[in-house]
Colleague: 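My questions will all concern the structure given below.
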Amino acid sequence: MPTVLVTGATDGLGRALATRLAGEGATVLAHARSEERARETIGDLLDGPSDVRLVVGDLSSLDAVRALAEQVPDRLDVLVNNAGIGTANPDRRAESADGYELRFAVNYLAGFLLTALLRDRLVAAAPSRMVNVASAGQMAIAFDDVMLERDYSGVRAYCQSKLAQIMHAFDLAEELNGQGVTANALHPGTYMPTKMVRASGTTPVTPLEDGVEATWRLAADAALDGITGRYYFGADEARADEQAYDAEARHRLWELSAELTGAGR
């Protein structure tokens, strides 16, 4: 059975996905910000009959992301970059431990670095998969002010970080083409009833079960074997923001990300 790492597994989509995969027999590496947080929220999973193992790391710190990667076993079949920060407190700009705009750091840079650190394990386990849980909320990246120091908006910060995740999946799909690793991104659902949505004061729209199903498909459905470099809106293939198809913009983002994280190709 596959070994699957799900980041942000203590609530909402991540928790529900981890529960489903574990119930199907997968070895699930359930990521939490801290062991205390994990024991509060997924103690039943960790102590249950399925093979669920805790991995810990605060994604707002790149050093913590590196430490998280060291907790992952040599075999890894699926990586689901799910953890993220929504649009709560939209007018308050915050920075990560490394001094980067917080949403860009947690939603995108952490997953970029984690994927780079685990890439060889995914290749060794091929056929394997990488899934970025992005959003339909996307805005083109302003390369002259990526950290939004001049004109901050929490919504913009969130939307550009989510587009960056899609661009990352597209780039990785091209880079690993022929090596048995697929890379895709999706918008799992609109305002699902998760902690992130509740914190923003938004009324849920999409049932959580629909988002879990859409994400599960990309992580585990045999019908999608070999499918790579795609963006999905729920279960349907869709078109992302046009910047995602701009090879020059994707290269620019990759170079910036490698510089910020210290992770190259």
Side-chain angles (χ1 to χ4, degrees), residues 5 7-11 14 31-38 55-72 79-119 130 132-135 137-169 171-172 185 195-196 199-200 241 243-244 248-265:
L5 170 56
T7 68
T10 58
D11 184 71
H31 159 259
R33 188 173 62 251
S34 68
E35 183 169 356
E36 179 182 17
R37 168 72 174 158
V55 292
V56 174
D58 184 343
L59 301 188
S60 67
S61 163
L62 294 178
D63 280 345
V65 173
R66 296 183 185 97
L68 167 61
E70 292 178 358
Q71 300 167 50
V72 177
L79 169 60
V80 181
N81 288 311
N82 164 72
I85 300 174
T87 56
N89 301 316
D91 299 322
R92 178 176 171 268
R93 185 182 182 278
E95 294 187 348
S96 70
D98 305 280
Y100 306 140
E101 192 280 315
L102 189 60
R103 286 176 174 84
F104 191 76
V106 173
N107 294 356
Y108 168 64
L109 286 178
F112 176 89
L113 176 58
L114 185 61
T115 303
L117 293 170
L118 300 177
R119 167 185 159 163
M130 191 282 290
N132 278 347
V133 178
S135 173
Q138 303 159 27
M139 290 187 184
I141 297 164
F143 284 104
D144 62 342
D145 187 24
V146 174
M147 301 305 164
L148 302 179
E149 294 176 301
R150 295 195 299 272
D151 188 19
Y152 181 76
S153 158
V155 171
R156 178 167 184 76
Y158 174 82
C159 289
Q160 78 164 9
S161 73
K162 290 299 174 178
L163 178 59
Q165 286 187 291
I166 297 168
M167 294 165 76
H168 174 222
D171 257 347
L172 199 66
K195 180 181 177 182
M196 181 186 297
S200 71
D241 183 273
Q243 194 180 50
E248 182 178 349
R250 292 203 313 271
H251 176 74
R252 193 171 179 183
L253 175 63
W254 193 292
E255 292 297 315
L256 173 65
S257 305
E259 177 185 348
L260 295 176
T261 63
R265 292 184 185 271

Colleague: Taking only residues two or more places apart in sequence, or in another chain, which ones meet D63 in a salt bridge (charged side-chain N to carboxylate O under 4.0 Å, His left out)?
Modeller: R66
Colleague: Are the side chain of E35 and the backbone of V56 linked by a donor-acceptor contact shorter than 3.5 Å?
Modeller: no
Colleague: Would you compute the distance between atom CZ of R156 and atom CE of M139 and round it to the nearest 0.5 angstrom?
Modeller: 6.5 Å
Colleague: Listed by chain and number, what are the side-chain contact (heavy atoms from CB on, under 4.5 Å) partners of A157, not counting sequence neighbours?
Modeller: E101, R103, L148, Y152
Colleague: Tell me every residue that passes side-chain contact (heavy atoms from CB on, under 4.5 Å) with A94, counting only those two or more places apart in sequence or in another chain.
Modeller: R92, L102
Colleague: Can you name the residues that form a side-chain hydrogen bond (donor to acceptor under 3.5 Å, both in side chains) with H168, not counting sequence neighbours?
Modeller: N132
Colleague: For V133 versus Q165, what's the shortest heavy-atom pair and its separation?
Modeller: O-OE1, 3.1 Å
Colleague: Of all residues at least two apart in sequence or in a different chain, which pass the side-chain contact (heavy atoms from CB on, under 4.5 Å) check with A164?
Modeller: F104, Y108, I141, L253
Colleague: For residues G137 and S135, report the shortest heavy-atom separation together with the two atoms involved.
Modeller: N-OG, 2.9 Å
Colleague: Output the distance between atom CG (L260) and atom CG (L113), rounded to the nearest 0.5 Å.
Modeller: 11.0 Å
Colleague: Tell me every residue that passes salt bridge (charged side-chain N to carboxylate O under 4.0 Å, His left out) with E95, counting only those two or more places apart in sequence or in another chain.
Modeller: R93
Colleague: For the residue pair I166 and A244, what are the closest heavy atoms and their distance?
Modeller: CG2-CB, 4.2 Å
Colleague: Answer yes or no: is there a side-chain heavy-atom contact under 4.5 Å between M130 and L114?
Modeller: no
Colleague: Once side-chain hydrogen bond (donor to acceptor under 3.5 Å, both in side chains) is applied, do any residues pair with S161, and if so which ones, sequence neighbours excluded?
Modeller: N107
Colleague: Not counting sequence neighbours, which residues clear side-chain hydrogen bond (donor to acceptor under 3.5 Å, both in side chains) with D144? List them please.
Modeller: R150
Colleague: For H31 and L68, work out which heavy atoms get closest and say how close.
Modeller: CD2-CD2, 3.8 Å
Colleague: State, to 0.1 Å, how close D151 and D145 come at their nearest heavy-atom pair, and which atoms those are.
Modeller: N-OD2, 3.8 Å
Colleague: Under 4.5 Å between any side-chain heavy atoms of L109 and L59, yes or no?
Modeller: no
Colleague: Please walk me through it: do E255 and H251 pass side-chain contact (heavy atoms from CB on, under 4.5 Å)?
Modeller: CA-CA 6 Å; E255 292 297 315; H251 176 74; 3.4 Å; yes
Colleague: Got a sec, which residues hit side-chain hydrogen bond (donor to acceptor under 3.5 Å, both in side chains) with D58, two or more places apart in sequence or on another chain?
Modeller: S60
Colleague: Taking the side chain from T7 and the backbone from N82, do they hold a donor-acceptor pair closer than 3.5 Å?
Modeller: yes
Colleague: What residues form a side-chain contact (heavy atoms from CB on, under 4.5 Å) with A249, not counting sequence neighbours?
Modeller: F143, M167, Q243, D246
Colleague: Over all heavy atoms of both residues, which pair between F112 and A263 is shortest? Give the atoms and the distance, please.
Modeller: CE2-O, 3.8 Å
Colleague: If you apply the rule side chain to side chain donor-acceptor pair (under 3.5 Å), what do you find for T115 with N81, and how did you get there?
Modeller: CA-CA 8 Å; T115 303; N81 288 311; 3.0 Å; yes
